[in-house]
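What follows is a set of notes on a single structure, which appears directly below.
None of these values were measured; they are calculated from a predicted model. Side-chain atoms are counted along with the backbone in the values below, which use heavy atoms only and exclude waters and symmetry mates.
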Amino acid sequence: MQATTMDLAEEPPSMLWGLDPIFSAFARLYVRDILQMTESTQVPGIYFYNSHPVYKVDVLGTVVYKREREDFFCYGVDDGTGVINCLCWKKYLLKEEEDPGKSGGKHSDAAKGGFDPVAELKKLREGQKNRSCLEIGELLRIRGLVKTSRQQREIMASTYYKVNDPMMALQIAWMMEVPQLYRQCYDKPLQLQLNADSDTTISSLSKATNIIKDFFKQKSVSRFRPYDVQDLLQPLISSQPQTTSADQEPVASVSACQQLRQLLKETLELLQNEGIIYRKVKSQDEVYNVTAQDKDLLIAVKDIIREDSKREKYAEKGCHVLHILSAVKQRYSLNVSKAALELVLKSLECNSDIVSTTDNHYTVF
């Protein structure tokens, strides 16, 4: 696959890359995405997945081809989404050739004493060779830098070894963990702010969101109105009245109230986008339901999955998340978002009320 570069205008500034935790980690990306990542125009050797800067990866896959040179092995690794070339340098023990003349009488006394350095070194060399020399069909774990050589993407290994997994336990654990990393990290776009005022606003919004979330947990709140939580955000509003004139004091006071209302509005919008809260009925009486505490919503979703899983169409895989969302909107509330539904599904699955058959299908036990 030919390497592509990212438009400079689309790249986050390189001085901010370190703020992204993915930049410092070995990203567990699918081979397909490693091959399709765009290369930075600011710094060669840095690539972007969904605006996240990446330069080192962690891959688990099956060896589908092998080439051996004097100093390195070249393995083709297939993880089920694609095949990538992996350059694995030989360890120094593999490159050293045994000299029969060195293993003669010099160490014979040591061998009689129960410890032979030459024999132990030979065992070490054999063990390292068994883990480093793979054949086609064997499982390889590799960590290393992503490189582009001759217009082809490849991995320059810093660590690699053969994985012995006869019961496929490691592979199953890997297949369960990587989709979670995509949902929680890789597929969420990187948002970095340069403006100091924007940083302050985001910081206040983040603090306000955490305050209200803590309030939900401590009080086990299931329903609330905005004025129920408004006072919780008051400490985040910095009100500094002007004292130069008596006429200016009411103006400063009104400004603080406006700031509080605006912060509350943005916080509630963010919580709705995350699915933490939703409005079952949109009316003048602005009532919000807390998704995790809404027992009626949990029962409704569980009933939909139990009933519809009996239908022939959903008997094999279970109900798709979009079908469940559509049914919830029809039978319970039009205002339930996909984010809120995902929280409900996660809660039901943690309680063993339902089980996921794929990333997007659910059924009952």
Closest heavy-atom pair and its distance - [X], [Y]:
{"X": "Ala27", "Y": "Val54", "answer": "CB-CG1, 4.1 Å"}
{"X": "Ser337", "Y": "Gln272", "answer": "OG-O, 4.1 Å"}
{"X": "Ala157", "Y": "Trp89", "answer": "O-CD1, 4.4 Å"}
{"X": "Val31", "Y": "Thr81", "answer": "N-OG1, 3.3 Å"}
{"X": "Tyr65", "Y": "Asn85", "answer": "OH-OD1, 2.9 Å"}
{"X": "Asp359", "Y": "Pro179", "answer": "OD2-CB, 4.1 Å"}

Expected output: side-chain [X] to main-chain [Y] donor-acceptor under 3.5 Å:
{"X": "Glu68", "Y": "Cys74", "answer": "no"}
{"X": "Ser40", "Y": "Tyr47", "answer": "no"}
{"X": "Asn289", "Y": "Arg279", "answer": "no"}
{"X": "Asn50", "Y": "Tyr186", "answer": "yes"}
{"X": "His52", "Y": "Cys185", "answer": "yes"}
{"X": "Asn351", "Y": "Ser347", "answer": "yes"}
{"X": "Asp353", "Y": "Glu349", "answer": "no"}
{"X": "Ser158", "Y": "Arg143", "answer": "yes"}
{"X": "Gln293", "Y": "Val221", "answer": "no"}
{"X": "Tyr160", "Y": "Gly144", "answer": "no"}

Is [X] salt-bridged to [Y], going by a charged N under 4.0 Å from an acidic O?
{"X": "Glu138", "Y": "Lys66", "result": "no"}
{"X": "Asp296", "Y": "Lys280", "result": "no"}
{"X": "Asp308", "Y": "Arg331", "result": "yes"}
{"X": "Arg225", "Y": "Asp285", "result": "yes"}

State, without any angle test, whether Tyr332 and Asp303 hold a side-chain donor-acceptor pair at a distance under 3.5 Å. no
Pair Gln258-Gln262, side-chain donor/acceptor within less than 3.5 Å: no
Among Leu270, Leu343, Ile212, Thr291, exactly one meets side chain to side chain contact (heavy atoms under 4.5 Å, CB included) together with Ile276. Which residue is that? Leu343
Which residue is it: Lys56, Arg153, Met156? I am looking for the one with a side chain to side chain contact (heavy atoms under 4.5 Å, CB included) to Val146. Arg153
Nearest-0.5 Å distance that lies between atom [atom1] in [X] and atom [atom2] in [Y]:
{"X": "Ile46", "Y": "Phe23", "atom1": "CD1", "atom2": "CZ", "answer": "4.5 Å"}
{"X": "Leu233", "Y": "Thr267", "atom1": "CG", "atom2": "OG1", "answer": "5.5 Å"}
{"X": "Ile304", "Y": "Leu325", "atom1": "CD1", "atom2": "CG", "answer": "9.5 Å"}

Less than 4.5 Å apart, side chain to side chain, heavy atoms only: is that true for [X] and [Y]?
{"X": "Leu60", "Y": "Asp79", "answer": "no"}
{"X": "Cys88", "Y": "Ile142", "answer": "yes"}
{"X": "Thr363", "Y": "Lys317", "answer": "no"}
{"X": "His361", "Y": "Tyr314", "answer": "no"}
{"X": "Leu268", "Y": "Pro226", "answer": "yes"}
{"X": "Leu345", "Y": "Leu341", "answer": "yes"}

Looking at Phe72, is Lys90 sitting on its ring face, NZ or CZ under 6.0 Å from the six-membered ring centre and within 45 degrees of the normal? no
Go through it in stages, so that I can follow the logic: the residues are Lys213 and Glu274, the test is salt bridge (Lys or Arg N to Asp or Glu O under 4.0 Å), and I'd like the CA-CA distance, side-chain angles, deciding distance and then a yes or no. CA-CA 12 Å; Lys213 286 180 180 179; Glu274 293 180 1; 3.1 Å; yes
Decide salt bridge (Lys or Arg N to Asp or Glu O under 4.0 Å) for Arg141 and Asp58; before the verdict, give the C-alpha distance in whole Å, the side-chain angles of both, and the deciding distance to 0.1 Å. CA-CA 8 Å; Arg141 174 81 177 272; Asp58 188 350; 2.8 Å; yes
For atom [atom1] of [X], decide whether the heavy atoms of other residues, nucleotides or ligands shown that lie under 6.0 angstrom number more than 12.
{"X": "Lys329", "atom1": "NZ", "result": "yes"}
{"X": "Glu316", "atom1": "CD", "result": "no"}
{"X": "Met168", "atom1": "CE", "result": "no"}

Are Tyr288 and Phe216 near enough that their ring centres are under 6.0 Å apart? no
